[in-house]
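Order of appearance sets the numbers: ligands from 1, and atoms from 1 within every ligand. Source: prediction; values computed, not measured.
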Amino acid sequence: MVNATTRAVPRTTLRDLLVAQAVRTPDALALVDERESLTFRAVRRRVTALAGRLRALGVRPGDVVAVGVPRSASLSLSILAVIEAGAAYLPLDLGYPVERLAFMLSDASPRVLMTDAASQPLFGDAVPVLSIDENGGAGDETPALADALTPEHPAYVIYTSGTTGRPKGVAVSHGAIVNRILWMQNEYPLGPDDAILQKTPCGFDVSVWEFFWSFLVGARLVMAPPEAHRDPATLVQLVEDHRITTIHFVPSMLALFTASVIESHGPEAAVCTSLTRVFCSGEALGRGLSRAFADRFGAELHNLYGPTEAAVDVTCCPASGAWIEGDGGVPIGRPVWNTQLRILDHALRPVPPGAVGELYLCGDQLAIGYLGRPGLTASRFVADPFDPGRRMYRTGDLARWLPDGAVEYLGRTDHQVKIRGQRIELGEIESALAALPGVAQAVVTAAELGGGASEPGMDRRQLVAYLVPAVDHALDEAALRAALRDTLPPHMLPAAYVTLAALPLSPNGKLDRKALPLPVVGAQATAPGAAAGRPPAPGLESRLAAIFTELLDLERIGADDDFFAIGGHSLLAMRLAARIRRDLGQPVAVSQIMVAPTVARLATLLAETGERDEPENLGFAPVIRLRDGSGPPLICLYPGSGLSWQYSVLSRYVSGDRPIVGLQSPRPNGPLALSADLDELCDRQLAILREVQPQGPYHLLGYSLGGTVAYGLAVRLRRMGERVEFLGLLDTYPAEAHDWSGLGRTDADQAAEREQEQFLNDALADVMDEDLRREKVEMFGHIFGNYKDAVRVLSKARTPLYDGELTLFVAEKSIPPEIDPEGSWTGRVGRLSVHRLSHCSHEDIIAPASLRIVGPLLDRVIATAMADAEPVRAAVGG
Ligand code: AMP
């Protein structure tokens, strides 16, 4: 009876349903983000224009189109356009490592990648790009081809973690997702006054109903800003501002949200009263949490269950009334339309009610399969012995029938885990670790580290990696972490590492997971992507750590965890500065957080600052230590702005523990004389450099003006008989090759300046603090002065010959017409090696998104330069 779910659903596609609704309510508000509000008619116009461009690029039903766009109305429009063009969309989470994005692109071979200029550097050039920032003409407006679209065509492809170290793309048909959304509308009807908040990252399948449901039924979709889903206070604000009625949480985030509302607004005050229905799915929903939610909010709560392989969700259960009495989890409930559940034993025999078996899913919502993986598809989508000719999906979930016909979820049969709602195959992390040099064996578990009371439903588990080193190898944890960050998304990075001489085995020789020792509490960090290591020291470090953890929503962090590597961004850095000022009464500048992004370094900096009068100037010191360590430092020369702190992101990519040092314009300590020329500037910087590093080998890197100065320093050092092992110029050309006739600053410098201004404006947007405003004004004074110096000096400069090797990184998107990148340097230098960066322009070459590509490349180039120099070093005893 439970499985008698047959329901006539029209044979149609998402595309046809979208068109029909746009015709029904053209003037209703359809799509809202921070910048724009669009009616159904406006959405339709934008979508057909984009779809026309896709078709003009050859996109047809059955194709895949990748979408790499930050969360915004543009993301929604891009996805709708792919559907309109008849193709399946492949969402790309921009927070994923470049290597993983590249893997998904090569694995799915999309016909086109839709992206914006700011995100484009994350992707290689293997796939033709449709830039959504450009209007790009009308394209092919004829919708005829999309009419060849059938319910069997794929609507989307979503990648999930793969056991063997390779993520797999799940392709889902229009028919499957249409069934799922029409069921949802029937079960929880939305009307014209309803608003859904789109906050689930697009790489997770829950986002699929968020993206489409409102457009099929005349309700409104509100796009949360990119980072909003992590911050309960921002979510409350969005719900209030937009009168959101419908929202989804993974249970652990619902726990955080509920606790945060109680903490900030108390148990009673009317908050988020517009919420009508809240959906949970993705992991087990506790009854305790459901009661805490019911006590605080007036909205209905529903528990949905399903894997990506079956169009998002296949069962539902109200999380209210008798369902949430007692302990344990809310059942996952009963099947949705045209869906059957089977609970079977290992011989595929049905287990009796109450007995535990594996859950199999049947019906219209099953995915087409894993993209390009017929073997894997056949092993998980097996023949249904009870309905010949049909398939059933083997979930790997353990479950049992309850007496009333609902199903209870009881865990997994395998090593797939869900941490804070994110699906992770431990095997994938183990494969990634085992592939690293020096690792003989790797096991990863999810364990609860540390004690302490916790709110109901709060997920305190962390990934722990257990490693056995290869014979004669010592494992360098920092290097392992860095290597893993290049391949795995943030939620798959172990929080703690334990090195073992051997893995514990059970008497029959199998790995004994229960015997794996828990890492010592306090010695490990708990953030995905956070470094294990020294806990914060009592005093200033601990007080700073408390503010870091609260802002980043972590339980604890190590003294050496980089704020920007564990979830911090520029806006949060502003909040961090504001909080430190408020809670510690200590003036701190954002630029200081940029150059000292760990608790330990910030504490040292603030301790020093306490003894000085003008803390703000620290960010402008002639030398800033971007990373401490041992070995020859990487010396980074300031661009036209005079500031080097943008290079601080490099510490994520430069391997080992080599120091990174930024040389900055000494302007605050006295501007460059009007009569000064490049030689004088280089001499000044040489004196500073020699104080930082009295002798070679030197590793110099410069961008723009900094490139010219780095080159000047290299020439001088060679003349002095010093070794320059690496000279890297980021988009820098001989000064005399430029056309200075335009007078004043170059467009590129102006653009860079605008970008910097934009950055600071963004960072200061929500801060009314007078001190910070003053700092900003002062900062701009310095920056403008530095630009003027740079232009004056460069326009008169002459480029000497250099007998060493020059490594040039060319920003291909903005090569000035008068510049021939290779030709301009040929003949001036002993050897030239060139790396062309097809998606970078001069302004963004040291922006964080570009550095995700430039950084690892730079690291490899320097490592090669160092290895090549090794024999020389040995010979001269350097
Ligand atoms: P995903 O493909 O990310 O949706 O993950 C699917 C898996 O998440 C399922 O196979 C379950 O293990 C787990 N899951 C999803 N929803 C629930 C739920 N409501 N209760 C318990 N586990 C769930």
Exercise for review: Determine, for Arg394 against Glu358, whether the closest basic-nitrogen to carboxylate-oxygen distance falls under 4.0 angstrom.
Suggested key: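 Judged by the 4.0 Å cut-off on N to carboxylate O distance, Arg394 and Glu358 do form a salt bridge.
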
Practice item. Sequence neighbours left out, what passes side-chain contact (heavy atoms from CB on, under 4.5 Å) with Leu18? Give chain and number order. Key: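 Only Leu80, Ile83, Phe212, Phe215, Leu216 meet the side-chain contact (heavy atoms from CB on, under 4.5 Å) criterion with Leu18.
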
Review point. Quick one: side-chain contact (heavy atoms from CB on, under 4.5 Å) partners of Thr245, sequence neighbours excluded?
Key: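 Counting only residues at least two positions away or on another chain, Thr245 forms a side-chain contact (heavy atoms from CB on, under 4.5 Å) with Asp194, Thr276, Arg277.
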
For residues 348-357, run the donor-acceptor check on the side chains, cut-off 3.5 Å, and write out each pair with its distance to 0.1 Å, sequence neighbours left out.
{"residue": "Arg349", "atom": "NE", "partner": "Asp345", "partner atom": "OD2", "Å": "2.9"}
{"residue": "Arg349", "atom": "NH2", "partner": "Asp345", "partner atom": "OD2", "Å": "3.0"}

Review point. Between Phe279 and Tyr188, what is the ring plane arrangement, given parallel below 30°, perpendicular above 60°, and tilted in between?
Key: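 Perpendicular: the ring planes of Phe279 and Tyr188 meet at over 60°.
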
As a test of reading the model: which N/O atoms of the protein lie under 3.5 Å from N/O atoms of ligand 1, and at what distance?
{"residue": "ligand 1", "atom": "2 (O)", "partner": "Thr308", "partner atom": "N", "Å": "2.8"}
{"residue": "ligand 1", "atom": "2 (O)", "partner": "Thr308", "partner atom": "OG1", "Å": "2.5"}
{"residue": "ligand 1", "atom": "2 (O)", "partner": "Arg423", "partner atom": "NH1", "Å": "2.5"}
{"residue": "ligand 1", "atom": "3 (O)", "partner": "Lys418", "partner atom": "NZ", "Å": "3.0"}
{"residue": "ligand 1", "atom": "4 (O)", "partner": "Gly306", "partner atom": "O", "Å": "3.2"}
{"residue": "ligand 1", "atom": "5 (O)", "partner": "Lys418", "partner atom": "NZ", "Å": "2.8"}
{"residue": "ligand 1", "atom": "8 (O)", "partner": "Gly282", "partner atom": "O", "Å": "3.4"}
{"residue": "ligand 1", "atom": "8 (O)", "partner": "Lys418", "partner atom": "NZ", "Å": "3.1"}
{"residue": "ligand 1", "atom": "10 (O)", "partner": "Asp397", "partner atom": "OD1", "Å": "3.3"}
{"residue": "ligand 1", "atom": "10 (O)", "partner": "Asp397", "partner atom": "OD2", "Å": "2.5"}
{"residue": "ligand 1", "atom": "10 (O)", "partner": "Arg412", "partner atom": "NH1", "Å": "3.4"}
{"residue": "ligand 1", "atom": "12 (O)", "partner": "Asp397", "partner atom": "OD1", "Å": "2.6"}
{"residue": "ligand 1", "atom": "12 (O)", "partner": "Asp397", "partner atom": "OD2", "Å": "3.4"}
{"residue": "ligand 1", "atom": "14 (N)", "partner": "Gly282", "partner atom": "O", "Å": "3.4"}
{"residue": "ligand 1", "atom": "16 (N)", "partner": "Gly282", "partner atom": "N", "Å": "3.0"}
{"residue": "ligand 1", "atom": "19 (N)", "partner": "Asn303", "partner atom": "OD1", "Å": "3.0"}
{"residue": "ligand 1", "atom": "19 (N)", "partner": "Leu304", "partner atom": "O", "Å": "2.7"}
{"residue": "ligand 1", "atom": "20 (N)", "partner": "Glu283", "partner atom": "O", "Å": "3.3"}

Exercise for review: Give, for atom CZ of Arg390 and atom CG of Asp364, the distance between the pair rounded to the nearest 0.5 Å.
Suggested key: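 That separation rounds to 5.5 Å.
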
